[in-house]
Amino acid sequence: MAIPGTRAAPEDLRLDSNVSVSMSPTTNTSAQSTADYDDEFIRYLWGEYLYPKEYEWVLIAAYIAVFVVALVGNVLVCVAVWKNHHMRTVTNYFIVNLSFADVLVTIICLPASLVVDITETWFFGQIFCKVIPYLQTVSVSVSVLTLSCIALDRWYAICHPLMFKSTAKRARNSIIIIWIVSCVLMTPQAIVMECSIMVPELVNKTILFTVCDEHWGDTVYPKVYHICFFIVTYMGPLCLMILAYFQIFRKLWCRQIPGTSSVVQRKWKPLALQCSSQRAAGLQTKPRINAVAAEIKQIRARRKTARMLMVVLFFFAVCYLPISILNVLKRVFGMFDNIDDRATVYAWFMFSHWLVYANSAANPIIYNFLSGKFREEFKAAFSCSFGTGQQREEGLRRGRASTESRKSLTTQICHLDNPSKISEQVVLTSLNTLQGSHLASNRNW
């Protein structure tokens with residue numbers, strides 16, 4: 001199943017229960033047995049309604065592609081952080097937790113969702129009817145709470161660094177709390193899920209058209225539950241994360257970062273003024289140069305991390321938006337209860353389910369393109385089959401390149417002979433990737 005409780009309820013997309021009446025075999029003789037008629041009717045249902053259509057074959061291929069990419073990519077993310085101590089940062093702990101939730105939903109929920117979407121039948125029994133939807137909603141809750149914790153951690157670190165000190169131990173404790181809260185909050189999903197059959201005429205004859213869906217005692221309960229589900233797992237956290245990243249963007253790209261010196265300012269113009277004042281005062285410039293280099297490196301790293309996390313948030317919002325809206329329209333407003341074009345509605349739900357799983361596959365791809373450390377680890381993982389010696393040589397080469405890149409900025413700055421050249425070289429060599437467009441139009445010294 002996709003998101004249990006948010007997918008199209010099978011009874012809304014099913015055949016009417018009187019389909020057997022409309023399909024009464026007129027060509028059969030009266031002597032034909034009831035068993036023969038049942039077999040013929042079931043074969044008709046399978047061929048006409050349950051066998052995959054042309055666009056569904058495309059969907060099957062898309063599901064398989066997402067399954068492979070999501071499984072391999074998220075496992076590589078977990079392995080990369082586990083193998084490298086320098087990657088065990090607070091943000092990466094949360095990213096590993098997000099990847100683990102994606103692996104869980106990919107292995108357990110994606111295959112069942114594909115089968116149900118194609119055949120409109122639940123083949124997995126009453127127990128799994130409660131377990132799989134429950135795990136699906138838990139993984140959704142874990143993902144959104146993890147993204148919220150990442151946004152909160154970055155907001156404190158960049159906007160209010162003196163208010164809260166984030167540590168690896170606190171990150172691990174937060175992850176444990178995320179899972180406990182998610183498991184408790186999503187308990188109603190496991191309670192209300194039950195198996196039933198859509199076509200009464202097929203009871204005790206076939207498992208086809210058996211559905212796993214919610215059964216509430218009153219019509220008001222599902223409306224309240226799904227409104228709360230929408231607010232808690234999508235709209236509320238999304239608004240908070242957008243606000244947090246907006247303030248992070250203002251701090252990193254528009255203002256000086258709190259806790260850093262006044263050398264690194266917006267558009268970097270005060271760098272020249274600071275260096276000029278140091279020259280006039282006759283102060284030693286080398287310690288100051290090292291401090292400037294460290295500040296520039298910190299800002300560049302923070303901007304890269306913030307950019308990657310903003311992209312992850314954007315894809316989460318886009319991929320979960322269709323299924324969230326469809327779920328509210330169906331469960332709260334009952335919009336699809338009496339609709340004629342059921343095939344179109346069903347296709348929209350199927351595509352929305354695929355988007356949810358595509359988000360799990362998109363995250364490792366985002367890390368690969370926007371994080372140099374993850375990209376290096378992914379390359380090392382894929383190249384390990386070419387031999388241990390070659391892998392070791394590649395590791396040494398990457399280590400030397402990393403060391404040289406760390407030393408390059410300070411080395412270049414320290415060989416300059418006056419503060420004015422220092423500021424110019426810093427801008428030309430180190431800030432080109434950060435403020436290239438601003439330097440082209442605003443540098444006047």
Please examine the side chains of [Y] and [X], heavy atoms only from C-beta on, and report whether any two atoms are closer than 4.5 Å.
X	Y	value
Val116	Thr121	no
Leu243	Trp155	no
Trp253	Arg307	yes
Ile323	Leu355	no
Lys251	Cys159	yes
Cys319	Tyr357	no
His226	Val328	no

Shortest non-hydrogen contact from [X] to [Y]?
X	Y	result
Thr106	Phe67	O-CE1, 3.3 Å
Val105	Gln136	CG2-OE1, 3.0 Å
Gln126	Glu194	NE2-CA, 3.7 Å
Tyr346	Ile118	OH-N, 4.0 Å
Ala306	Ile248	CB-CG2, 4.1 Å

Spacing of [X] atom [atom1] and [Y] atom [atom2] [to the nearest 0.5 Å]:
X	Y	atom1	atom2	value
Leu185	Leu145	CG	CG	7.5 Å
Met241	Leu309	CE	CG	11.0 Å
Leu59	Met350	CG	CE	4.5 Å
Arg250	Ile158	CZ	CD1	14.0 Å
Ile242	Leu238	CD1	CG	4.0 Å
Tyr93	Thr167	OH	OG1	10.0 Å

Please lay out, stage by stage, how Cys195 and Cys212 fare under the test disulfide bond (SG atoms under 2.5 Å apart).
-> CA-CA 4 Å; Cys195 286; Cys212 174; 5.0 Å; no
Sequence neighbours excluded, the answer for side-chain hydrogen bond (donor to acceptor under 3.5 Å, both in side chains) partners of Asn363 is Asp102
[X] vs [Y] aromatic rings, parallel, tilted or perpendicular, using cut-offs 30° and 60°?
X	Y	answer
Phe124	Trp122	perpendicular
Tyr221	Trp216	tilted
Phe349	Phe336	perpendicular

Could you please spell out the steps behind the side chain to side chain contact (heavy atoms under 4.5 Å, CB included) verdict for Leu114 and His353?
-> CA-CA 9 Å; Leu114 176 60; His353 297 162; over 6 Å; no
Test side chain to side chain contact (heavy atoms under 4.5 Å, CB included) applied to Trp354 and Asp117, step by step = CA-CA 10 Å; Trp354 179 83; Asp117 281 344; over 6 Å; no
Establish, yes or no, whether the cationic atom of Arg154 lies under 6.0 Å from the six-membered ring centre of Tyr245 and within 45° of the ring axis.
-> no
Count the heavy atoms belonging to other residues, nucleotides or ligands that lie under 6.0 Å from CZ of Phe100, then report whether that count exceeds 12.
-> no
Side chains of residues 229-236: which donor-acceptor pairs under 3.5 Å do they make with residues two or more places apart or in other chains?
from   : atom 1 : to     : atom 2 : distance (Å)
Thr233 : OG1    : Phe229 : O      : 2.4
Tyr234 : OH     : Ala317 : O      : 2.8

